[in-house]
Amino acid sequence: MYREFFAKQHSKRDRYIRELHAYLTWGAHLIGHVPRVVGRQDRTCTLLLTAVRGVRADTVAPGSPEEERAHYEAGRVLGKLHHATSVPRTGAVGTELARRLRDWIARADRAGLISTAERDRMGHSADVLANTLMDSAVCHLDYQPRNWLLGDAFGMCDFEHMRRDARIRDFARLEFRRWQAAPYLRTAFFAGYGTPLNDTEQRLLESFGAIEAVTALVRGHEQDDLALSAHGRTVLARLA
């Protein structure tokens, strides 16, 4: 029986609507791992959710057995969502991602954040995405340890970005923010997920680095977040 609850209020209505839809529609694939909506107030964009007990996975010691277990469990639970909602090899998702990437590139270019060579390099990644058939699935799209809870059962939260997208893209934040420095965590994750990336999927994941880089550059600039801007620069340099 649930005895603890928390309220979450959104400042942006579109994110409230997306998160509410995610919990009500796709939470059924993740019973026991995600909060449950028990109340809502559309006027104030507020959700009342059951609490999932546990500690945030980004607070465990780096290199510890707990960190490795967190990545294994994260792979196992995300695999449930992906496998339940996957649609194989469609072209529509790549076309939409290419459009979004080109929009971000234009924003970065207008702000003077990228060189002509960098703009062209990311434009090439957009061309690759537009011409690639890829699996789609319902994706979390901010899947990283700050949104995982370690307790009696593995929990995940913050569904405000969740939507159908390229399945491989759901690994991008881990790939470019965690796994580069700790490849054993990638191994643990895919042991839980059940299906390792093949060479084609790994190359596709690299193409998503352009999205990771340019969004970090633009948001870092707009929010005066030096760490996020530096992350964008690091990923962009890797694309060279």
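Counting begins at 1 with the first residue of the sequence.
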Just so I know, are the side chains of [X] and [Y] near enough to count as touching, which here means a heavy-atom distance under 4.5 Å?
| X | Y | result |
| --- | --- | --- |
| Val235 | Arg177 | no |
| Arg233 | Leu217 | yes |
| Leu197 | Ile168 | yes |
| Leu133 | Thr90 | no |
| Cys139 | Thr85 | no |
| Leu174 | Arg186 | no |
| Leu47 | Glu19 | yes |
| Glu175 | Glu212 | no |

Side-chain atoms of residues 26-34: list all donor-acceptor pairs with protein atoms under 3.5 Å, sequence neighbours left out, distances to 0.1 Å.
unit_1, atom_1, unit_2, atom_2, d
His33, ND1, Phe154, O, 2.7
His33, NE2, Lys80, NZ, 3.4

| task | Would you check, one step at a time, whether the test side-chain contact (heavy atoms from CB on, under 4.5 Å) holds for Glu206 with Arg238? | result | CA-CA 9 Å; Glu206 293 292 326; Arg238 176 176 165 175; 2.3 Å; yes
| said: Please evaluate residues Arg146 and Asp158 with respect to the criterion salt bridge (charged side-chain N to carboxylate O under 4.0 Å, His left out), reporting the C-alpha separation (whole Å), side-chain torsions for both, the decisive distance (0.1 Å), and the verdict. | reply: CA-CA 10 Å; Arg146 71 182 184 187; Asp158 284 353; over 6 Å; no
| field | Aromatic ring proximity, centroids under 6.0 angstrom, Phe171 and Phe189 | value |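 Centroid separation for Phe189 and Phe171: below 6.0 Å.
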| task | Step through it carefully: locate the ring centre of Tyr193, locate the ring centre of His83, and say whether they are under 6.0 Å apart. | result |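 Yes, the ring of Tyr193 comes within the 6.0 Å limit of the ring of His83, centre to centre.
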Would [X] and [Y] show up in the same hydrophobic cluster when neighbours are defined by side-chain heavy atoms closer than 4.5 Å?
| X | Y | answer |
| --- | --- | --- |
| Tyr23 | Val138 | yes |
| Val128 | Phe208 | no |
| Leu149 | Tyr72 | no |
| Ile211 | Leu141 | no |
| Phe176 | Met134 | no |

Can you tell me how far the [atom1] atom of [X] sits from the [atom2] atom of [Y], to the nearest 0.5 Å?
| X | Y | atom1 | atom2 | answer |
| --- | --- | --- | --- | --- |
| Ile114 | Arg121 | CD1 | CZ | 10.0 Å |
| Asp109 | Ile105 | CG | CD1 | 9.0 Å |
| Met162 | Met156 | CE | CE | 4.5 Å |
| Ser136 | Arg169 | OG | CZ | 13.0 Å |

[atom1] of [X]: more than 12 outside heavy atoms within 6.0 angstrom?
| X | atom1 | result |
| --- | --- | --- |
| Asp152 | CG | no |
| Arg53 | CZ | no |
| Asp199 | CG | no |

| request: Begin from the C-alpha positions of Tyr143 and Trp148 and carry the test ring pair (Phe, Tyr, Trp, His ring centres under 6.0 Å) through to its verdict. | output: CA-CA 8 Å; Tyr143 205 59; Trp148 306 342; 5.3 Å; yes
| task | Please lay out, stage by stage, how Glu67 and Ser64 fare under the test side-chain hydrogen bond (donor to acceptor under 3.5 Å, both in side chains). | result | CA-CA 5 Å; Glu67 184 185 39; Ser64 66; 5.3 Å; no
| said: Could you check whether any side-chain N or O of Thr95 sits under 3.5 Å from a backbone N or O of Gly91, counting only pairs where one atom can act as donor and the other as acceptor? | reply: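 Yes, the answer is positive, given that a donor and an acceptor are paired below the 3.5 Å cut-off.
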| message | If you apply the rule side-chain contact (heavy atoms from CB on, under 4.5 Å), what do you find for Asp42 with Tyr16, and how did you get there? | response | CA-CA 9 Å; Asp42 294 341; Tyr16 165 74; 2.4 Å; yes
| Which pair of non-hydrogen atoms, one from Ala7 and one from Thr46, has the smallest distance, and what is that distance? |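 Here Ala7 and Thr46 meet closest at CB-CG2, 4.3 Å.
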| field | Smallest separation among heavy atoms of Val93 and Ala166, with atom names | value |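 The pair with the smallest heavy-atom distance is CG2-N, 3.3 Å.
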| field | Check: Thr25/His21 side-chain N/O donor and acceptor closer than 3.5 Å | value |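 There is such a pair between these side chains.
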| query | Taking only residues two or more places apart in sequence, or in another chain, which ones meet Arg219 in a side chain to side chain contact (heavy atoms under 4.5 Å, CB included)? | reply | Trp104, Arg173, Thr215, Gln223, Leu228
| Using the ring of each side chain (for Trp, its six-membered ring), is His140 parallel, tilted or perpendicular to Phe159, with breaks at 30° and 60°? | perpendicular
| task | Go through Arg102 and Val214 one step at a time and tell me if the side-chain contact (heavy atoms from CB on, under 4.5 Å) criterion holds. | result | CA-CA 10 Å; Arg102 292 186 180 110; Val214 72; over 6 Å; no
| field | Candidate pair Lys12 and Asp14, rule salt bridge (charged side-chain N to carboxylate O under 4.0 Å, His left out), full reasoning | value | CA-CA 6 Å; Lys12 295 182 178 179; Asp14 61 332; over 6 Å; no
| message | According to side-chain hydrogen bond (donor to acceptor under 3.5 Å, both in side chains), who are the partners of Arg18, at least two apart in sequence or on a separate chain? | response | none
| said: Apply side-chain contact (heavy atoms from CB on, under 4.5 Å) to residues Leu101 and Ser125 and explain how you reach the verdict. | reply: CA-CA 9 Å; Leu101 175 53; Ser125 293; 4.2 Å; yes
